[in-house]
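Chain identifiers are assigned alphabetically (A, B, ...) following the order of the sequence lines, protein sequences preceding nucleic acid strands; residue numbering begins at 1 within each chain.
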Amino acid sequence: MKMWLADSPARRTSCRLQFWLPLLFALWASPVRAASPVQLAQEAELNRLRGEVANQVQLSAYDLVDELVVGWKTDPVFDEATPVVLAGVTVPVGLGTGMAALLENHIAAVLAENPSTHVQLVHCPTCTAVVVHSDAEATVVSRGIDDPAVLAQLGTDTGKHALFIDIEAEGTWLVLRARLTRLTPDLPIVWSRTIASSTSTPALLRASSDLKSAADAREDYLAALHDRGPLTIPVRLGVRAYAAPTDSSGVTVPPFIWLQTGVEMGATDARAWTSSVLVGISFIPQAYQGLMAQARVSRLVTGRTRSLSRPDLYLFLGGAIMTVWGPATAPFQADLLTADDLITSLDGDPPRTTLGTLQIGLDLRLGNRIGLSTFFETIPDRNQSENFGTYTRILGLGFQSFGTEVTFCF
Amino acid sequence: MAARALLLRLRCARLLPRLRCARLPAIALGLFTAPGCVHVYQPLSSLHRPVVVDPQAANFQDLRLSVVCPPGGLVSRGEAEVLCERVSKLFENQGATVTTSGSDRIGEDLAEDPEQETGDPVAAPTTDLVLELRSRETHFTNDPLSWVLCVGTATLVPAYTESTFAQDVIIRDGTGFLLASDSLQGRIIRTFGFGTWAGNKVLDLVWRKKEDELSTAQVYAEVSADLYGQLSQLVFNAKMRWQILEEATPNGRATSPVPAERAP
Amino acid sequence: MIIVILGLLFLPTLIHKDPAPGMTMSRTRSRTLECERITAEVASQRYPGKVQPSRPRGEYLERSALVCAERLVRPGLREDRDEAILSSLQALVADLTSSAVDLHPELASRTWLVEAFYPSAPVSAKLSFATKNALVERGLLVSDRTPTLSAGDVDVLTRMPPEQAYPAACRRYNDNGSMGAEHALLAIVSRDPRETILHAGLCADGQWSWLK
């Protein structure tokens with residue numbers, strides 16, 4: 001065993017060869033194998049997939065447009081409000097034109113909300129419509145923007161510019177290219193920009209009325225992640241109900257109310273794994289009192305990182321040690337308890353019991369501020385006790401208690 | 001294919017812990033758990049790019065191609081020869097006239113410019129394109145904890161071993177001018193454990209589509225298709241670039257103010 | 001006992017999420033990922049919430065991260081050739097424009113025109129757009145204008161082999177006044193339907209030259 005675990009050079013060489021072998025085997029195969037014909041899906045299925053991809057990239061495309069406008073806000077291309085014709089919006093090849101219309105609307109909306117960009121969208125039918133221009137040399141059918149003769153007729157002093165925006169899916173990147181062209185016969189490009197966003201980057205979903213740069217938005221995101229660091233202080237109010245004994249002559253344990261607090265720690269900012277240690281107190285005059293210490297380990301099951309926008313669900317395992325005393329805690333004793341025993345015990349010292357428990361449950365967290373949890377708890381030491389019934393039985397272990405809690409994190 | 005699968009299983013068995021005082025039981029255990037090795041291949045970058053050229057078509061008629069496979073990195077001298085042989089077969093099938101070399105010698109010859117050194121007229125290159133293949137390992141992981149868990153749970157929890165490799169491809173013209181270069185990267189993960197092996201077999205049988213099945217044969221087919229496809233495409237692209245440069249310079253030698261990168 | 005065994009089987013999938021084909025990832029989906037292995041330090045900077053930075057006193061185990069991003073367009077949605085060109089558009093265009101600018105610094109003061117010759121019109125438009133942006137970002141004067149040819153010229157040129165057609169078109173641009181001494185045309189060309197790279201040609205003063 002040690003020989004295997006040791007990371008000796010000889011072993012490493014052996015392992016390298018081991019990994020290279022499939023490659024060599026692959027090369028020993030006939031080259032004919034390399035030609036696997038591409039299986040084209042049916043057109044309907046392709047269209048469905050195209051629509052799906054278009055939906056997925058739409059938010060990222062909006063994000064890129066927002067970033068473009070933020071750039072114009074911080075560093076305007078024009079010194080004063082300038083008429084600009086939205087001359088062309090093109091979307092990734094193969095994703096249809098519906099997305100182009102949505103993007104055009106978004107561009108118009110964001111520019112209207114941000115006049116400090118000095119880009120004033122205007123309508124120019126002569127520029128965008130297909131026109132027929134005829135002179136002694138030729139007859140040209142084209143968009144007005146593409147025909148210098150038409151632009152010459154518009155005149156050079158209109159101050160109009162054309163905005164072209166292209167969005168393309170390039171591997172794992174969504175790339176926006178934009179350029180502004182002065183609408184004179186020479187069509188000089190006065191400004192251009194290329195912005196890219198990776199598919200692994202979630203859309204920032206900026207409000208168009210309060211646009212921020214991607215860097216500022218990232219700072220906000222990190223601040224939200226780090227708002228309370230890895231440690232939080234939960235304050236938890238819970239109630240545990242105990243299953244009634246199957247023997248009707250037994251005495252049912254009353255529900256126990258606990259107030260707990262302590263420390264909860266996330267392994268990383270993602271808070272995929274968290275652990276907590278809490279102490280608790282229970283006090284109902286004339287009935288029972290108790291102290292407890294509890295530890296839990298929780299695993300996020302609704303993703304790999306906690307979400308800032310939707311609830312997170314954790315699965316937890318835990319254990320607790322509790323000591324309880326008072327007249328109502330008599331059923332925690334190991335022996336079968338009857339009403340007669342209870343009456344007799346009123347004359348002496350109130351019973352006092354110390355127990356160890358194990359828990360399994362689910363914890364729903366809202367923004368890591370409020371938590372709602374529910375769990376089953378077993379008291380292994382009282383597994384054979386006739387004072388308790390069981391809610392459920394897993395791996396031969398009876399779970400005698402069912403609890404619900406509400407947690408506030410600070 | 002079955003023979004290859006058996007070979008791989010026996011290699012997997014050899015990697016089991018060698019218990020000194022109980023060699024025979026260890027061998028028996030090795031043979032028993034030999035099927036527990038599952039190899040998985042994942043292309044990381046460049047290996048799974050779209051390929052347009054058909055590796056079965058005559059794409060390289062009248063092209064003289066030299067394939068150079070220097071040993072080192074992941075391959076020994078013998079393995080480099082096998083690599084060269086198979087790649088040359090690939091291009092011969094597509095119409096090229098292929099010569100192979102197991103050393104850097106061709107690249108070194110190209111690095112010398114006889115005109116500059118002796119003033120003699122430039123001799124005609126003996127080859128049109130030179131394809132150089134080098135393999136290296138960029139990352140290796142063998143998690144001891146996973147082996148402890150694997151042994152402790154009677155191989156129900158699998159042990160992971162992973163290797164990330166890079167196949168560096170450099171293509172030059174006959175004069176040593178760099179036409180194309182790329183690094184094809186992928187990784188191979190070996191999972192050892194009866195649980196994973198059995199789970200995969202069950203999923204292959206009842207759940208996965210044929211193209212998603214995880215079997216050793218699939219690893220061969222996939223690596224083979226990726227490597228052959230990308231090599232064919234890269235050489236074809238280089239050939240097109242070479243032809244353009246030939247057109248640009250009527251005397252048949254590519255010239256450029258940018259210094260040509262030479263073989264090391 | 002069965003639950004324990006099943007738990008052990010699925011334990012690795014809970015604690016070890018891997019982009020390689022396996023229990024939770026199909027081979028098809030795994031092939032849509034582009035991955036890169038980076039060091040733990042770089043990963044913690046790029047993904048602050050997901051990867052812990054290295055401890056100041058070092059790590060017990062060597063840590064690295066495999067960062068994968070899914071390709072936006074799944075295989076089969078576009079023609080393989082279009083997908084190959086578009087997925088590396090920025091790199092291709094940057095390479096071609098830099099060769100034009102670096103090889104001909106004497107043309108830096110001219111107004112550059114751009115034309116793309118690719119069989120698919122939408123892809124051709126993308127190539128042209130990206131090239132213009134790349135030239136502007138290198139500080140050159142670029143125009144949206146495209147040089148024109150008469151119908152007769154087009155008729156003749158389309159019947160010529162490519163090695164003659166491009167130089168002839170360049171001469172015609174110069175002769176018909178569509179391009180002047182103040183212009184330079186960068187043409188982005190796809191010469192063969194089997195290639196996944198592009199070539200660049202330069203037309204200035206009626207002279208055509210291949211750049212790459």
K.L.:
So how far is it from L44(B) CG to L33(C) CG, rounded to the nearest 0.5 Å?
P.N.:
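Here the interatomic distance stands at 9.5 Å.
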
K.L.:
Quick one: closest heavy-atom pair of A58(B) and R194(C), and the distance?
P.N.:
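Closest approach of A58(B) to R194(C), heavy atoms only: O-NH1, 4.3 Å.
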
K.L.:
Rounded to the nearest 0.5 Å, how far apart are OG1 of T39(C) and NE2 of H139(B)?
P.N.:
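Atom-to-atom, T39(C):OG1 and H139(B):NE2 are 11.5 Å apart.
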
K.L.:
Quick check: closest heavy atoms across V52(B) and P193(C), and the distance to 0.1 Å?
P.N.:
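Scanning both residues completely, I find the closest heavy atoms to be CG1-O, 3.3 Å.
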
K.L.:
With the threshold set at 4.0 Å, does a side-chain nitrogen-carboxylate oxygen contact exist between R27(C) and E222(B)?
P.N.:
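Yes, charged N to carboxylate O under 4.0 Å.
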
K.L.:
Looking at R31(C) and D226(B), is any side-chain nitrogen of the basic one under 4.0 Å from a carboxylate oxygen of the acidic one?
P.N.:
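Result for this pair is yes, salt bridge flagged.
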
K.L.:
Compare all side-chain heavy atoms of V51(B) with those of R81(C) and state whether any distance is below 4.5 angstrom.
P.N.:
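SC-SC contact between V51(B) and R81(C) ruled out.
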
K.L.:
How far apart are the closest heavy atoms of L211(C) and L245(B), and which atoms are they?
P.N.:
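What the structure gives for the nearest pair is O-CD2, 4.4 Å.
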
K.L.:
Using heavy-atom distances under 4.5 Å, tell me whether V53(B) contacts chain C through its side chain, its backbone, both, or neither.
P.N.:
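For V53(B), heavy atoms of backbone and side chain both lie under 4.5 Å from chain C.
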
K.L.:
Roughly how far, to the nearest 0.5 Å, is the CD1 atom of I197(C) from the CE atom of M240(B)?
P.N.:
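Nearest 0.5 Å value for the CE-CD1 distance: 7.5 Å.
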
K.L.:
Tell me whether N237(B) contacts the main-chain N or O of T196(C) through its side chain, where contact means a donor paired with an acceptor under 3.5 Å.
P.N.:
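At least one qualifying donor-acceptor pair exists.
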
K.L.:
How long is the span from the CD atom in E195(C) to the CD1 atom in I244(B), to the nearest 0.5 Å?
P.N.:
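Between E195(C) CD and I244(B) CD1, I get 7.5 Å after rounding to 0.5 Å.
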
K.L.:
Under 4.0 Å between a side-chain nitrogen and a carboxylate oxygen: does that hold for E34(C) and R49(B)?
P.N.:
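No salt bridge links E34(C) with R49(B).
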
K.L.:
Mind checking the OG-CZ spacing from S64(C) to F140(B)? Nearest 0.5 Å is all I need.
P.N.:
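The distance works out to 12.5 Å.
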
K.L.:
What's the spacing between Q185(B) CD and C35(C) SG if we round to 0.5 Å?
P.N.:
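One finds 10.5 Å between CD of Q185(B) and SG of C35(C).
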
K.L.:
For residues E246(B) and E163(C), determine if any side-chain heavy atom of one lies less than 4.5 Å from a side-chain heavy atom of the other.
P.N.:
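Counting from C-beta outward, E246(B) and E163(C) never come under 4.5 Å.
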
K.L.:
For residues A20(C) and V40(B), report the shortest heavy-atom separation together with the two atoms involved.
P.N.:
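Closest approach of A20(C) to V40(B): CB-CG1, 4.2 Å.
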
K.L.:
Above 12 or not: heavy atoms from other molecules or residues under 6.0 Å from CD of Q243(B)?
P.N.:
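Check passes, neighbour count above 12.
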
K.L.:
Side-chain contact, heavy-atom cut-off 4.5 Å: H199(C) with E247(B)?
P.N.:
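The answer is no, as the side chains (C-beta and beyond) never meet within the 4.5 Å cut-off.
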
K.L.:
Taking the side chain as C-beta and beyond, is there a heavy-atom pair between S45(B) and E36(C) under 4.5 Å?
P.N.:
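No; the side chains remain at least 4.5 Å from each other.
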
